[in-house]
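First the structure, in the form of structure tokens, and then the observations on it.
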Amino acid sequence: MPDALVITAADTVEFATYDAPPLPSGMVRLKTRASCLSPGTERRVFNGVEPGMPAFPLIPGYAACVEADGKRFVSRGSQTTGPFNRCWGAHQSEHDVDPAKLIPVPDGVTDAQASFAVLAAIAFHGTFAIDRPGQRVLVIGLGVIGQCSARILHAQGHDVTAVDLSPDRVEAASAAGLDAYVGIPAAGEYNAIVDATGAPDVMRKAISLLRGEPWGQSPPTPPRYVVQGSYPTDIALPYKDVFGAEASIHFPRDSGPNDVAQVLALIQAGRLKIDDLFETRDPHDAPSIYRNGPDRPTAVFEW
């Protein structure tokens with residue numbers, strides 16, 4: 001019988017056991033080794049405010065490392081969740097998935113790292129907007145996505161400055177080898193900015209820090225503003241600043257299998273350090289983790 005983390009009502013999560021449903025045609029059933037908490041999205045699900053979420057009770061989570069016949073894969077969630085609704089369904093001890101959608105985990109990458117790679121891949125997907133080498137990049141907001149964005153861009157050879165209002169987050173970025181400090185620059189000229197805050201006021205201020213090309217240069221090479229934060233409603237942009245810099249605004253959407261594979265390769269090669277960004281926990285600790293948050297930016301449940 002599989003076990004699962006089930007959000008039964010707003011602000012209530014339980015560890016539950018249920019009867020496994022029949023395996024759908026074309027699916028394979030795999031054992032879950034680890035599943036990673038997505039702190040922003042799953043917090044909204046836990047609070048009952050995530051747009052488009054199904055009704056309670058539900059199994060959340062979209063990042064897991066699974067195993068079959070000694071081979072490990074990254075899974076984005078299970079296609080079956082027994083008597084519960086499926087909000088991606090990764091936080092359970094078994095996954096029923098289409099084998100074509102599984103991403104192999106290379107040797108040298110741990111189960112926890114493999115599950116976390118799905119979150120890092122969201123950050124990696126956004127880095128494609130910064131497509132010129134050696135850019136001067138400002139990353140604002142050093143939660144999970146911001147930390148991963150800054151570290152990936154640094155690994156890609158960009159000149160990265162990372163900032164946040166939290167001294168602990170800044171210290172973590174500094175320990176990872178980044179130029180990081182508390183606060184937001186009052187002035188500056190950046191080729192690209194990654195905004196991982198989800199704060200409209202930050203966006204309105206930060207866009208003014210982009211460096212535009214001299215007027216009349218052709219063809220223009222616009223500075224890039226990459227929006228990696230999540231916003232519950234519409235946001236307004238400061239037209240004059242965007243227009244003056246001829247800025248290009250990018251809204252990356254999630255990630256794809258290639259993004260996950262590229263992140264796994266970076267981890268395997270030792271070019272992306274992530275172990276300080278999560279703590280490993282028992283799934284039975286989930287009520288406390290969801291209610292109070294983990295001590296590190298996120299948590300990986302080991303099944």
Side-chain angles (χ1 to χ4, degrees), residues 2-7 13 27-67 72-82 84-105 109 111-126 143-145 147-149 196 198 228-230 252-264 267 274 277-278 280-281 283 286 289-290 294 297-303:
D3 302 315
L5 303 184
V6 182
I7 300 178
V13 64
M27 301 285 174
V28 292
R29 182 162 289 167
L30 300 95
K31 176 184 177 181
T32 308
R33 296 181 64 93
S35 61
C36 185
L37 173 73
S38 176
T41 300
E42 290 188 48
R43 168 62 63 178
R44 293 192 297 271
V45 173
F46 179 63
N47 296 150
V49 296
E50 172 69 7
M53 62 179 286
F56 299 124
L58 57 82
I59 298 178
Y62 59 78
C65 175
V66 296
E67 177 190 14
R72 297 179 301 146
F73 305 89
V74 170
S75 169
R76 300 295 298 263
S78 178
Q79 297 301 306
T80 62
T81 49
F84 310 108
N85 281 327
R86 172 180 173 269
C87 198
W88 311 292
H91 293 312
Q92 57 178 324
S93 61
E94 295 179 352
H95 277 216
D96 293 345
V97 297
D98 178 350
K101 295 183 178 180
L102 293 170
I103 304 164
V105 176
V109 177
D111 298 339
Q113 290 172 337
S115 65
F116 182 89
V118 178
L119 275 65
I122 297 171
F124 184 88
H125 188 71
V144 170
I145 300 302
Q147 289 278 359
C148 291
S149 295
Q228 283 284 26
S230 180
R253 180 181 176 185
D254 202 353
S255 64
N258 182 62
D259 300 310
V260 177
Q262 293 284 346
V263 166
L264 290 170
I267 296 170
I274 57 171
L277 298 178
F278 61 81
T280 55
R281 300 292 294 267
I289 293 292
Y290 274 85
T298 193
V300 171
F301 299 110
E302 294 186 323
W303 295 85

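Only this structure's heavy atoms are used, side chains among them; waters, hydrogens and symmetry mates stay out.
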Next on the checklist: Taking side chain to side chain contact (heavy atoms under 4.5 Å, CB included) as the definition, give me every residue that meets it alongside Pro297, ordered by chain and number, with sequence neighbours left out.
Outcome noted: Val144, Leu277
Next on the checklist: Just to verify, what does Ser78 make a side chain to side chain contact (heavy atoms under 4.5 Å, CB included) with, not counting sequence neighbours?
Outcome noted: Thr80, Gln92, His95, Asp96
Next on the checklist: Would Asp98 and Met27 count as a side chain to side chain contact (heavy atoms under 4.5 Å, CB included) here? Give the steps.
Outcome noted: CA-CA 5 Å; Asp98 178 350; Met27 301 285 174; 4.2 Å; yes
Polar side-chain atom of [X] near backbone of [Y] as donor-acceptor pair, under 3.5 Å:
| X | Y | value |
| --- | --- | --- |
| Ser93 | Asp3 | yes |
| Thr298 | Leu37 | yes |
| Arg72 | Val109 | yes |

Checklist entry - Under the salt bridge (charged side-chain N to carboxylate O under 4.0 Å, His left out) test, which residues partner Arg281, sequence neighbours left out? => result Glu279, Asp285
Next on the checklist: My understanding is that only residues two or more places apart in sequence, or in another chain, count here; which of them pass salt bridge (charged side-chain N to carboxylate O under 4.0 Å, His left out) with Asp254?
Outcome noted: Arg76
Next on the checklist: If I take atom NE2 from residue His125 and atom CD from residue Gln228, how far apart are they, to the nearest 0.5 angstrom?
Outcome noted: 8.5 Å
Item to check | Separation of Ser38 OG from Arg43 CZ (nearest 0.5 Å) | outcome: 12.0 Å
Checklist entry - Run the side chain to side chain contact (heavy atoms under 4.5 Å, CB included) check on Lys31 and Val66 step by step: do they pass? => result CA-CA 5 Å; Lys31 176 184 177 181; Val66 296; over 6 Å; no
Side-chain contact, heavy-atom cut-off 4.5 Å: [X] with [Y]?
| X | Y | answer |
| --- | --- | --- |
| Val263 | Ile267 | yes |
| Leu5 | Ile59 | no |
| Leu264 | Val74 | yes |
| Phe278 | Cys36 | no |

Next on the checklist: side chain to side chain contact (heavy atoms under 4.5 Å, CB included), that's the test. Do Ile7 and Val45 meet it? Break it down for me.
Outcome noted: CA-CA 8 Å; Ile7 300 178; Val45 173; 3.8 Å; yes
Quick one: side-chain hydrogen bond (donor to acceptor under 3.5 Å, both in side chains) partners of [X], sequence neighbours excluded?
| X | value |
| --- | --- |
| Asn47 | Asp11 |
| Glu42 | His91, Tyr290 |
| Thr280 | none |

Next on the checklist: Checking Trp303 now: which residues fulfil ring-ring contact (aromatic ring centres under 6.0 Å, His included) with it, not counting sequence neighbours?
Outcome noted: none
Checklist entry - Residues in ring-ring contact (aromatic ring centres under 6.0 Å, His included) with Phe73, at least two apart? => result none
Checklist entry - Passes side chain to side chain contact (heavy atoms under 4.5 Å, CB included), Trp88 versus Thr41? Steps please. => result CA-CA 11 Å; Trp88 311 292; Thr41 300; 3.5 Å; yes
Next on the checklist: I need the full list of side chain to side chain donor-acceptor pair (under 3.5 Å) pairs touching residues 51-61, with sequence neighbours left out, sorted by first then second residue.
Outcome noted: none
Result block: side-chain N/O donor-acceptor pairs under 3.5 angstrom for residues 114-124, not counting sequence neighbours:
residue: Ser115; atom: OG; partner: Ala112; partner atom: O; Å: 2.9

What side-chain donor-acceptor pairs closer than 3.5 Å can you find for residues 49-58, not counting sequence neighbours?
residue: Glu50; atom: OE1; partner: Arg44; partner atom: NE; Å: 2.7
residue: Glu50; atom: OE1; partner: Arg44; partner atom: NH2; Å: 3.4

Might you point out which heavy atoms bring [X] and [Y] nearest each other, and give the distance in Å?
| X | Y | answer |
| --- | --- | --- |
| Val300 | Ala34 | CG1-CB, 3.7 Å |
| Ser255 | Val260 | OG-CG2, 4.5 Å |
| Arg86 | Thr81 | CB-OG1, 3.6 Å |

